[in-house]
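The structure under discussion appears below in the form of structure tokens.
Because the structure is predicted, anything quoted here is derived from the model rather than measured. Counting starts at 1 for both ligands and their atoms, in listed order. Counting begins at 1 with the first residue of the sequence.
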Amino acid sequence: MSAFELKNLNDCLEKHLPPDELKEVKRILYGVEEDQTLELPTSAKDIAEQNGFDIKGYRFTAREEQTRKRRIVRVGAIQNSIVIPTTAPIEKQREAIWNKVKTMIKAAAEAGCNIVCTQEAWTMPFAFCTREKFPWCEFAEEAENGPTTKMLAELAKAYNMVIIHSILERDMEHGETIWNTAVVISNSGRYLGKHRKNHIPRVGDFNESTYYMEGNTGHPVFETEFGKLAVNICYGRHHPQNWMMFGLNGAEIVFNPSATIGRLSEPLWSIEARNAAIANSYFTVPINRVGTEQFPNEYTSGDGNKAHKEFGPFYGSSYVAAPDGSRTPSLSRDKDGLLVVELDLNLCRQMKDFWGFRMTQRVPLYAESFKKASEHDFKPQIIKET
Ligand SMILES: NC(=O)NCCC(=O)O
């Protein structure tokens, strides 16, 4: 472990690089020619300062069209640590996180956000590493009628904001089983629907398969006043076909609420959601929690590491990527933060027209290939010297 731990790459670049070099580095790193800073209202910045979280604003532009008005929306991504020890009563832990995130949602409203998304399983510690069922399964709640959706629905209506939040879902219609689920609340305050995590990890301390199965909701796209939205939950970001299906269903912004740690996935983090934005001509919003979480009992994960009680550090670094391949700087690796990004949804179709990736995607070819590859007697298409 290096002695120096970088907190925020963009801050480091801005601190050490002369202006001309910084502009060129940002052009190559973020794919932007001009400064993409979005000035935010003082009221939003004051809330952030008073409550000790970062707030950063950026904007993407698109060309002016003759036959379509711009479709400008503001997106808020929230990354945060848990608040009180994991040994506290469940409802106290959840309430403490609620209070922190409600303040961040208020700042997002002050900053003019039309849509806000949380990180994965935002109401609880990421306790799936422990493989303990109790008390952690008690964090599960109904998607539509649970206390968190009800609480957020009031905020969604008050702020005229679509809120997407990722929780542990208790499925009352199917034997009270548990799912990893993203819930979408309309800006009218009504429950719009949910999406269950399609791909469940079996890597490192991510022992989530102990708690829930692969999702059964397909690839829903939620048509809202602020665009067609979808949610690719964490580990699904490693599966290009998962991103692709949201695109085939017409998504314009795909949120990626996540929880992941540095030494496992950080080299991949800046690549996967950005590539998905390019390949599918839509915006992506990868969001990761921050902090290191301590659990009451030692645990192991069969990966050779010694028994330990902590999980983390989760490296935050939330950002937004655009269909033209550009992206925003990341939020910090260790601090609570609200990322506010203004974007023009028209850029999605402009990139489909420019690059033609949707036109040249050849879905029938891959539908046939996938069908063959999924047969029990599949023979890989290998040609070798005889
Ligand atoms: N929450 C989750 O799926 N994490 C898996 C690890 C990773 O994909 O980075």
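Each of the following atoms of ligand 1 lies closer than 4.0 Å to a heavy atom of Ser265: 9 (O). Annotation for ligand 1: atoms under 4.0 Å from non-hydrogen atoms of Pro201 are 2 (C), 3 (O), 5 (C). Counting atoms of ligand 1 from 1 in the listed order, those under 4.0 Å from a heavy atom of Tyr235 are 3 (O), 5 (C), 8 (O). Below 4.0 Å from some heavy atom of Cys234 lie the following atoms of ligand 1, by number and element: 1 (N), 2 (C), 3 (O), 4 (N).
Here atom 3 (O) of ligand 1 lies nearest to Lys197 when heavy atoms of Glu120, Lys197, Arg289, His199 are compared.
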Tell me, with the steps shown, if Tyr319 and Tyr30 meet ring-ring contact (aromatic ring centres under 6.0 Å, His included). CA-CA 11 Å; Tyr319 67 96; Tyr30 301 137; 9.2 Å; no
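Some N or O of Ala259 is nearer than 3.5 Å to an N or O of ligand 1, by distance alone.
Heavy atoms of Phe126 approach ligand 1 to within less than 4.0 angstrom.
Residue Leu268 does not touch ligand 1, judged by heavy-atom distances below 4.0 Å.
A donor and an acceptor atom, one from each side chain of Asn207 and Ser301, are located under 3.5 Å apart.
In terms of protein heavy-atom proximity, atom 8 (O) of ligand 1 is nearest to His238 NE2, 2.6 Å.
Between Phe139 and Trp136, the angle of the ring planes stays under 30°, which puts this pair in the parallel group of the 30/60° scheme.
Within the structure, every pair that satisfies the ring pair (Phe, Tyr, Trp, His ring centres under 6.0 Å) test and touches residues 210-234, not counting sequence neighbours, is listed here: Phe128-Tyr211, Phe128-Tyr212, His219-Phe246.
Under a 3.5 Å cut-off, the side chain of Thr300 and the backbone N or O of Ala307 do not form any donor-acceptor pair.
The pair Glu252-Arg71 meets the salt-bridge criterion, since a charged nitrogen lies less than 4.0 angstrom from a carboxylate oxygen.
When the ring-ring contact (aromatic ring centres under 6.0 Å, His included) test is applied to Phe357, the partners found at least two apart in sequence or on another chain are Trp355.
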